[in-house]
Peer 1: 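Handing you a structure now.
Note that the coordinates shown come from a computational prediction; the quantities given were computed from them, not determined experimentally.
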Amino acid sequence: MLIDFFYTLRAAKLPVSVKEYLTLLEALQRQVIAPSLDEFYYLARLSLIKDEKHYDKFDQAFGAYFKGVQQIVDASGEVPLDWLKKRMQRELSPEDKARIQALGGLDKLMERLKQLFDEQKGRHEGGSKWIGTGGTSPFGNGGFNPEGIRIGGESNGNRTAVKVWDQRTYRDYDDTVELGTRNIKVALRRLRKFAREGAAEELDLDDTIRSTAANAGWLDLKLVPERHNNVKVLMLLDVGGSMDDHIARTEELFSAAKSEFKHLEFYYFHNCVYDYLWRQNRRRHNERFETWDVLRKYPADYKLIFVGDATMSPYEVLQPGGSVEYNNKEAGAVWLRRFIDRFPRHAWLNPEPEAIWQYRQSISVIRQLFANRMYPITLAGLESAMRVLSK
């Protein structure tokens, strides 16, 4: 039973296990839901999907597998007739109800939809018969019919559809989408290590209750320092050149990091790290910090995060004098290795799409130096990076 549905979910690259599939079958055997496809959808999602980032893929796979089944289930009479009547009374005007009854009622409408699914072979637009868009057919979206069933797409604002398909409410949770500042903050919170430091200003409820009970009921307030994220982060950001294409995303990442990490130190470099770093781009030639000083200044318990597209000539990484700005005495790879050795917990975040990394020789070189600890700036990429940094 439903074995093809299981394989459809697996083909959509959803992490659905056999155990979860058997749990769904057991729930159906015990009749924990009514015989409704709507309730089956929620039961299947609850049983099979354990992370909301997969909800959108599940919706697409569910819709692809059960295409046409919704109409058969609703037309079978298993949904209570009084429920349908109440919904019609709530959503349709008296004129709309009269037109539906003139066409034979909801049962006839569902039978006609099933028939069209069997007969129609392609897309249709602007008509009055087939399932399509922009017309007066009862089936489709973007048009008008008072007793219609909307399939996919967006409503035209009439809000008189008896059934709504493919809403895909959770498309923003997809783990392959690029991030905004809010989602970046959520991902960065995985790199947390709380500690209580400073003045005791926060009420310790458990200790207060315990002390008050031990004090024969006389109130004995206990205070503790406020909890803060005690993780220390050193962030080195590539600026200029090809990174100009990624300014918006890098700014979002930097803004989120500044709000999430109390102990954040940052410096800039161009293409690759050499003898100098800087804190302000407009003064990069006047106020520079020697890279050796930065390496010595911060202890090894700092988490090191490089942010850059790693896109440059391979000579800029591998050869002395490879810098495009001055004649560096040591290769960029030597400096990168010093940072890697100094800070065992390190990662490189790359704003370039991961699909093109294999075509950039410099990216391959840096990935090798970082033992493949390079991650795209997506929800999944940031979660992986934070997991590595927190070990």
Peer 1: Should His270 and Val324 count as side-chain neighbours, where that means a heavy-atom distance under 4.5 Å?
Peer 2: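 Yes, side chains in contact.
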
Peer 1: Apply side chain to side chain contact (heavy atoms under 4.5 Å, CB included) to the pair Tyr302 and Glu265, showing each step before the final yes or no.
Peer 2: CA-CA 9 Å; Tyr302 268 75; Glu265 301 291 340; 4.1 Å; yes

Peer 1: Is the shortest side-chain heavy-atom distance between Pro376 and Asn350 below 4.5 Å?
Peer 2: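 Answer no - side chains too far apart.
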
Peer 1: Between atom CZ of Arg249 and atom OG1 of Thr378, what is the distance when rounded to the nearest 0.5 Å?
Peer 2: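 One finds 9.5 Å between CZ of Arg249 and OG1 of Thr378.
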
Peer 1: Please work out whether the ring planes of Phe306 and Phe339 are parallel, tilted or perpendicular, with thresholds of 30° and 60°.
Peer 2: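 If you compare the ring of Phe306 with that of Phe339, the planes turn out perpendicular.
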
Peer 1: As a quick check of understanding, evaluate side chain to side chain contact (heavy atoms under 4.5 Å, CB included) for Gln319 and Tyr315, giving each step before the final call.
Peer 2: CA-CA 5 Å; Gln319 296 294 326; Tyr315 295 105; 3.6 Å; yes

Peer 1: Can you tell whether the side chains of Asp275 and Lys329 come within less than 4.0 Å, N to carboxylate O?
Peer 2: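 No.
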
Peer 1: Do Val32 and Ile49 land in one hydrophobic cluster if side-chain heavy atoms of ILVMFWY residues count as linked below 4.5 Å?
Peer 2: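 Val32 and Ile49: one cluster.
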
Peer 1: Could you state the interatomic distance from CZ (Arg210) to CG (Leu205), rounded to the nearest 0.5 Å?
Peer 2: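 Nearest 0.5 Å value for the CZ-CG distance: 10.0 Å.
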
Peer 1: Quick one: does Ser390's side chain have a donor or acceptor within less than 3.5 Å of a partner on Arg387's backbone?
Peer 2: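 Checked: pair present.
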
Peer 1: With the side chain counted from C-beta on, respond yes when Val16 and Tyr7 share a heavy-atom pair under 4.5 Å apart, and no when they do not.
Peer 2: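 Side-chain contact under 4.5 Å: no.
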
Peer 1: Say whether, by atom type as modelled, one donor and one acceptor occur between the side chain of Trp348 and the main chain of Gly308 under 3.5 angstrom.
Peer 2: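 Yes.
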
Peer 1: What about Leu253 and Val233, same hydrophobic cluster or not, with Ile/Leu/Val/Met/Phe/Trp/Tyr joined at side-chain heavy-atom distances under 4.5 Å?
Peer 2: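 Cluster IDs for Leu253 and Val233 match.
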
Peer 1: Can you tell me how far the CD1 atom of Ile356 sits from the CD1 atom of Ile363, to the nearest 0.5 Å?
Peer 2: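 Output value for this atom pair is 6.0 Å.
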
Peer 1: Could you tell me if Arg288 sits above the aromatic ring of Tyr276, with its cationic atom closer than 6.0 Å to the ring centre and no more than 45 degrees from the axis?
Peer 2: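 Flagged: Arg288 positioned over aromatic ring of Tyr276.
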
Peer 1: Does Leu28 reach the side chain of Leu2, with side-chain heavy atoms less than 4.5 Å apart?
Peer 2: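 Leu28 reaches Leu2 side chain to side chain.
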
Peer 1: To the nearest 0.5 angstrom, please state how far the CG atom of Asp309 sits from the CG atom of Asp245.
Peer 2: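 These two atoms lie 8.0 Å from each other.
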
Peer 1: Quick one: list whatever passes side chain to side chain donor-acceptor pair (under 3.5 Å) with Arg338, sequence neighbours left out.
Peer 2: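 Testing Arg338 for side chain to side chain donor-acceptor pair (under 3.5 Å), a comparison that skips the adjacent residues, returns Glu330.
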
Peer 1: With distance as the sole test, does Thr212 use its side chain to make a donor-acceptor pair with the main-chain N or O of Asp220 at under 3.5 Å?
Peer 2: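 Yes; judged by distance alone, with no hydrogens or angles, the pair exists.
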
Peer 1: Distance-only, no hydrogens or angles: does the Gln368 side chain make a donor-acceptor pair with backbone N or O of Val365 under 3.5 Å?
Peer 2: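 Side chain of Gln368 to backbone of Val365, a donor-acceptor pair under 3.5 Å: no, none is there.
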
Peer 1: Quick check on the hydrophobic clustering: are Leu9 and Phe40 connected, directly or via other members, by side-chain heavy-atom contacts under 4.5 Å?
Peer 2: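 In one cluster with Leu9: Phe40, yes.
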
Peer 1: With a 4.5 Å limit on heavy-atom distance, are the side chains of Leu369 and Arg337 in contact?
Peer 2: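 Result yes, sub-4.5 Å side-chain heavy-atom pair found.
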
Peer 1: Between Gln358 and Ser364, is there a side-chain heavy-atom distance shorter than 4.5 Å?
Peer 2: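 Side-chain contact under 4.5 Å: no.
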
Peer 1: Give the ring-plane orientation class for Trp335 versus Trp292, where under 30° counts as parallel, over 60° as perpendicular and anything between as tilted.
Peer 2: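 Rings of Trp335 and Trp292: perpendicular, as their planes differ by over 60°.
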
Peer 1: Can any side-chain N or O of Thr8 pair as donor or acceptor with the backbone N or O of Tyr65 at less than 3.5 Å?
Peer 2: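 No.
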
Peer 1: Can you name the one residue among Asp341, Ile305, Ile340 that meets side chain to side chain contact (heavy atoms under 4.5 Å, CB included) with His346?
Peer 2: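 So, applying the side chain to side chain contact (heavy atoms under 4.5 Å, CB included) to His346 and each of Asp341, Ile305, Ile340, only Ile340 qualifies.
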
Peer 1: Treating Asp238 as the side-chain partner and Val307 as the backbone partner, does any N or O pair qualify as donor plus acceptor under 3.5 Å?
Peer 2: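 No: the side chain of Asp238 does not pair with the backbone of Val307.
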
Peer 1: Is Arg279 positioned over the aromatic face of Tyr268, cation under 6.0 angstrom from the ring centre and no more than 45 degrees off axis?
Peer 2: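 No.
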
Peer 1: Using a 3.5 Å distance criterion without hydrogens, assess whether the side chain of Asn328 forms a donor-acceptor pair with backbone atoms of Ser323.
Peer 2: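 It does hold such a pair.
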
Peer 1: Could you go through the ring pair (Phe, Tyr, Trp, His ring centres under 6.0 Å) check for Phe261 and Phe266 one step at a time?
Peer 2: CA-CA 12 Å; Phe261 302 127; Phe266 65 92; over 10 Å; no

Peer 1: Quick one: OG on Ser211 to NZ on Lys222, what's the gap to the nearest 0.5 Å?
Peer 2: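 With rounding to 0.5 Å, OG (Ser211) is 4.5 Å from NZ (Lys222).
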
Peer 1: Would you say that Tyr21 contacts Phe5 through its side chain, given a criterion of any heavy-atom pair below 4.5 Å between the two side chains?
Peer 2: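 Side chain of Tyr21 against side chain of Phe5, heavy atoms only: no contact under 4.5 Å found.
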
Peer 1: Scan residues 14-26 for pairs that pass salt bridge (charged side-chain N to carboxylate O under 4.0 Å, His left out), counting only residues two or more places apart or in two chains.
Peer 2: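 Passing the test, one end in residues 14-26: Glu26-Arg30.
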
Peer 1: Could you check whether any side-chain N or O of Thr291 sits under 3.5 Å from a backbone N or O of Tyr274, counting only pairs where one atom can act as donor and the other as acceptor?
Peer 2: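 Present.
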
Peer 1: With heavy-atom distances below 4.5 Å as the criterion, would you say the side chains of Leu237 and Phe269 are in contact?
Peer 2: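 Counting from C-beta outward, Leu237 and Phe269 never come under 4.5 Å.
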
Peer 1: Please check: side-chain N/O of Ser362 versus main-chain N/O of Pro314, any donor-acceptor pairing under 3.5 Å?
Peer 2: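 No; zero donor-acceptor contacts below 3.5 Å.
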
Peer 1: What pairs of residues pass the salt bridge (charged side-chain N to carboxylate O under 4.0 Å, His left out) test when at least one of them lies in residues 358-379, not counting sequence neighbours?
Peer 2: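 Sorted result for residues 358-379: Glu352-Arg360.
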
Peer 1: Going hydrophobic residue to hydrophobic residue with side-chain gaps under 4.5 angstrom, can you get from Leu304 over to Val388?
Peer 2: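 Different clusters: Leu304 never reaches Val388 through Ile, Leu, Val, Met, Phe, Trp or Tyr contacts under 4.5 Å.
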
Peer 1: Quick one: does any side-chain atom of Lys303 pair with a main-chain N or O of Leu389 as donor and acceptor, under 3.5 Å?
Peer 2: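 Between the backbone of Leu389 and the side chain of Lys303 there is a qualifying donor-acceptor contact (under 3.5 Å).
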
Peer 1: Any chance you could measure Thr250, atom OG1, to Phe254, atom CZ, to the nearest 0.5 Å?
Peer 2: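 Output value for this atom pair is 11.0 Å.
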
